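Everything on this sheet refers to the single structure shown next.
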Amino acid sequence: MPENYSTQELMIIAAAREINDYERIFVGMRLPITAYGVARLTHAPNAVGLFESGVSRYEPAKDMLYTMCDGPNQLGAAWTTGLIQIMGLLSGGRVHAGFIGGAEIDRYGNINTSYIGDFDDPDVKLPGSGGAPDIASMAERLIVIMNHKKHRLVKKVDYITSPGFLGGGNERKMAGLIGGGPAVVITDRAILRPYGPENELHLAAYHPNHTVQEILKNTGWDLKSIPDVHETASPTKVELEALHQIDKDGFWRT
Amino acid sequence: MPENYSTQELMIIAAAREINDYERIFVGMRLPITAYGVARLTHAPNAVGLFESGVSRYEPAKDMLYTMCDGPNQLGAAWTTGLIQIMGLLSGGRVHAGFIGGAEIDRYGNINTSYIGDFDDPDVKLPGSGGAPDIASMAERLIVIMNHKKHRLVKKVDYITSPGFLGGGNERKMAGLIGGGPAVVITDRAILRPYGPENELHLAAYHPNHTVQEILKNTGWDLKSIPDVHETASPTKVELEALHQIDKDGFWRT
Amino acid sequence: MGAALENAIPFAVTHELIRQGLQNLNMIAPISDISTDMLIGSGCVKTVTGAWVGNVSGGMGHNYRRAAEKGIPNSIKINDYSNFSIGMAFFAGAYGLPYIPVKSILGSDITKSNPSIKMSTNPFSDELEPVALVPALKPDIAFLVVQRSDHFGNSHIWGSTGLTQEASIAAEKIIVLADEIVEPEVIASDPSRVLIPGFGVNAVCHVPAACHPSPLIGRWKRDHEFFHNYHQETRDLAGFETWCDQWVRHLPDHEAYRSKLGDRLESLRIIGDAPSAPANYAAE
Amino acid sequence: MGAALENAIPFAVTHELIRQGLQNLNMIAPISDISTDMLIGSGCVKTVTGAWVGNVSGGMGHNYRRAAEKGIPNSIKINDYSNFSIGMAFFAGAYGLPYIPVKSILGSDITKSNPSIKMSTNPFSDELEPVALVPALKPDIAFLVVQRSDHFGNSHIWGSTGLTQEASIAAEKIIVLADEIVEPEVIASDPSRVLIPGFGVNAVCHVPAACHPSPLIGRWKRDHEFFHNYHQETRDLAGFETWCDQWVRHLPDHEAYRSKLGDRLESLRIIGDAPSAPANYAAE
């Protein structure tokens, strides 16, 4: 590949573009926190990062984090408090977006991080929910990061840990959920967005060097495309520079 | 009177005797906080004082307090926190007793600090409940301080702000209240306690220089006596010395 | 206003609401000492939602009594709560619970005089276990007095806070009155002392002694005499009018109020030093 | 155990529970990194009540998977919650609410796999507004790692606290593991930094680095490599047994554990200084 960026770097920059200035975002670790850092350095200098353990920051931590509770995430934070206080910002409608990942996602954006198989007798026991259901149900927009494999983007998840649009249409609203649900799913091949009255995930953009056909083959349902489906815009020089400023060791470059 | 103490001093010392060592007590201001100080200096050196605004103290404040939020009550406190946290100790069964006062009390120990007359169109609007209902419903024991007048110790209060035994008997328990209810009412004439299966307040002790007959005349219901009714024990030298150590200016001596 | 109970009451706001002649306000607070009484006497208040209104030093609030008993200067509606139950109502409002089941007001006539409270039973119990359902309470605006804030509204509070956190998070808007404006580094040195961060704050105003005559821990002592005088001077409506002209209406702003207090205010300023032991936030 | 989420996890207690061979425990925590996985692998656990069990650095917890999928070393019961809903369950337990109506798990199958959660509707709404009723959760014992405590258990905590306060107040007993024991005056200099006062604490133990390998703000860095190695070495049960013998069962106590870590532990000690700005509590 002649590009001067990796797939993961593209995903990070695509994620950063989902953050608007002045927004409050549940960030999480790893790829999302890097995306948050890029957004702060480029188009969203006043975005605020939230971490469900009870941390809120303006500037991203200076050192690499493995968990949101690590010391560098707390030094110079805007707020170190309890989980209820931080997550209460969600229910008060003070949170614009949240990042979550998952083992499985289905065509209505429901996410499973709990059980593969039956929950009474699971084939695979995944770590569980953490705060993902709370963020998924209450944030204005949900930004999902996934690896694009056929067994991970499935027709119907075995267990809904974090609700998307449930059975589609207005089922989410009928179930009493206050947040807007998944706004975007960023994978290593493509960008999906809910589209149409059914709120089914559609292909919105395919990453450079990936084809629609390949993407369909790696999706567990009959993935449709939005009318103006297009190639994901390549990272700009400014975006890449911001990313390299954060990722000094090139962790995401390979 | 030949005694070397005032009626108020006697009430304070009677109140202090209701506090056991190691107990956690919702104290309140004025007379009860002085009683708490006497108890700490005499038989209950490990008692803990709680204040509903969010303060807990071991040693009583060094300076005179007008409100529980005053600076001297916070300097050197065991805990300065929120109202929910402090009052949560009640619901966790961590509070042994609480002091409250009132405008009216009835024969089942129900207390009114809200409305004289109808609550829709009151003759007198009293300041209201504060945290008294919460303490009255949840503390193991309630210690009530009142002036002994016929229109204040009434057959039935106009409005139950803080529940005692409601209609008597086991009505309190049936209503779902977790605390034990009024254990004692200390007035300027006498000490009343609930007695018998009806939990009606009975005369338990009359203060020196007060007669049973005078007390009956100043009570709004047909006050009965417990079998071993007796004169309130006079303050001991140790108790008075402790009180004078706290009340250096003789505020309570007249 | 007055979510901290008897300290850090935003009297500077009380005065300004009176000067602006606002009406039909719903004052929400567990206890706010004489602040609510002043607003009632000035005809600003339609509804009182709280647990206690009066004068903590003096007892009754004369304006509150006049309004509730005789409709002077206007009749008011009272939504009765206890301290804990209004705390739970704020908690529900802050944390997205539509209502909250409370036991601490069982047996109290608060469940009768406040029509918004519903009686129910615990669905997890086989026995008939009563609970009182209190709906979420979400104020439009919360005014907070804080010891120090940076100019973004990131603020430090210490001492007892009553229901400040729950009431603030429940409120639609938060306005901070800072006793001192400090550099952002001071606040960021201790993020655990932040009650609500700046991004949740809609405005920050530098108003020294905004709490007077109530105390602010480490900053201002309580002006007991002021409360006592208010109690004496407001026994009748004419007395209140005179008091209010003198201390509120005839003054243009809080700066003029502070000037009028003069040496008296200076004598309430805390000059001692009882510093907290440092907490180390270093990460390396 | 692990109410603070990923910091201040009382691993010293984890080890001691394993050494004592306790069984049939119900581990209650939102997230407690590998602590719960260790206890499951050692056969101590019957029930897991929480939101997440795994290895925050490595992903899956191998013992958790083996127990849940294959009943090795024993089958376990899982009570599913989200972080916020278990927080609310603790809150209800702490503050005397028999249950609490939560909206943040609507639409999630948590309401199906956890049979203790009941679905209902908001009685204050005319429309059919769903709520999930979560019963109060009251642990028997809460273990807390704190930066400093006096010998009465009056303790200071700073940094994010997760659900520490709610879980502690909800618990029947509280046991404090203090990184440092200080004079009572140090704690009393800052009563707003106290999470739970000494009179609510049943025991206080001086255990430096009780949190290792998790971090403690201002005291110890996280030992990322330790988590990584645990993940690698416990892929099969034999590997876990070897790991557990080496790091837990063959060591008499936490002092021996610290000695075994030796220089590695020293390299995790925070030596920098980033002190909080002082708060003044003077009253005069």
Side-chain angles (χ1 to χ4, degrees), chain C residues 84 87-88 91-92 95-104 116 118 120-125 129-131 133-136 147-148 156-161 182-183 185-193 215 217-219 221-222 270-284, chain D residues 84 87-88 91-92 95-104 116 118 120-125 129-131 133-136 147-148 156-161 182-183 185-193 215 217-219 221-222 270-284:
Chain C
F84 189 71
M88 289 294 114
F91 183 89
Y95 300 115
L97 318 175
Y99 64 96
I100 192 158
V102 176
K103 301 187 89 173
S104 78
S116 73
K118 282 186 202 287
S120 181
T121 54
N122 175 9
F124 293 94
S125 172
E129 184 188 327
V131 290
L133 306 184
V134 179
Q147 280 98 339
R148 62 190 175 209
H156 278 173
I157 301 190
W158 57 96
S160 66
T161 53
V182 296
E183 290 301 314
E185 291 72 27
V186 174
I187 306 300
S189 76
D190 196 359
S192 286
R193 208 183 287 289
I217 302 311
R219 297 274 170 175
K221 289 183 276 191
R222 189 172 190 269
I270 286 172
I271 49 175
D273 196 28
S276 58
N280 184 17
Y281 282 89
E284 290 286 337
Chain D
F84 189 71
M88 289 294 115
F91 183 89
Y95 300 115
L97 318 174
Y99 64 97
I100 192 158
V102 175
K103 301 188 90 173
S104 78
S116 72
K118 281 186 202 286
S120 180
T121 54
N122 175 10
F124 293 93
S125 172
E129 183 189 325
V131 291
L133 306 185
V134 179
Q147 280 99 338
R148 63 190 174 208
H156 278 174
I157 300 190
W158 57 96
S160 66
T161 53
V182 296
E183 292 300 314
E185 291 72 27
V186 174
I187 306 300
S189 77
D190 196 359
S192 287
R193 208 183 288 289
I217 303 310
R219 297 275 169 175
K221 288 183 278 192
R222 189 172 190 268
I270 286 172
I271 50 176
D273 196 27
S276 58
N280 183 18
Y281 282 88
E284 292 285 338

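This is a predicted model, so every value here is computed, not measured.
In this structure, chain C has no heavy atom under 4.5 Å from any part of D:Pro191. Looking at D:Val131, the atoms closer than 4.5 Å to chain C (heavy atoms on both sides) all sit in the side chain, from C-beta outward. Heavy-atom distances place the side chain of D:Glu129, and not its backbone, under 4.5 Å from chain C. Looking at D:Lys118, both its backbone and its side chain come within 4.5 Å of chain C, counting heavy atoms on both sides. For D:Thr161, no part lies near chain C; criterion is any non-hydrogen pair under 4.5 Å. In this structure, the portion of D:Phe84 lying under 4.5 Å from any heavy atom of chain C is its side chain and not its backbone.
Across every non-hydrogen atom of C:Asp190 and D:Arg193, the tightest pair is OD2-NH2, 2.7 Å. Residues C:Ala277 and D:Val186 share a closest heavy-atom pair of CB-CG1, 3.8 Å. The heavy-atom pair separating C:Pro101 from D:Leu97 by the smallest distance is O-CD2, 3.1 Å. Of all heavy-atom pairs spanning C:Phe91 and D:Ile100, the tightest one is CE2-CD1, 4.4 Å. Scanning both residues, C:Pro278 and D:Ser276, for their nearest heavy atoms gives CA-OG, 3.6 Å. Here the closest heavy-atom approach between residue D:Ala282 and residue C:Asp273 is recorded as CB-N, 3.7 Å.
Residue with the most contacts toward chain C among D:Arg148, D:Lys103, D:Glu185: D:Arg148 (heavy-atom pairs, distance under 4.5 Å). The choice from C:Ala188, C:Ala283, C:Ala279 that makes the most heavy-atom pairs within less than 4.5 Å of chain D is C:Ala279. Most heavy-atom pairs under 4.5 Å with chain C: of the set D:Ser104, D:Pro215, D:Pro275, D:Ser116, this distinction falls to D:Pro275. Among D:Ser125, D:Gly96, D:Pro123, D:Ser120, the residue making the largest number of heavy-atom pairs under 4.5 Å with chain C is D:Pro123.
Annotation: side chain of C:Phe124 is not in contact with side chain of D:Pro98 (no heavy-atom distance under 4.5 Å).
Between C:Glu284 atom CD and D:Ile270 atom CD1 the span is 7.5 Å, to the nearest 0.5 Å.
Looking at C:Ser192, its side chain does come within 3.5 Å of a backbone N or O of D:Gly159 through a donor-acceptor pair. For C:Asn122 (side chain) and D:Tyr99 (main-chain N/O), no donor-acceptor pair under 3.5 Å exists by modelled atom type.
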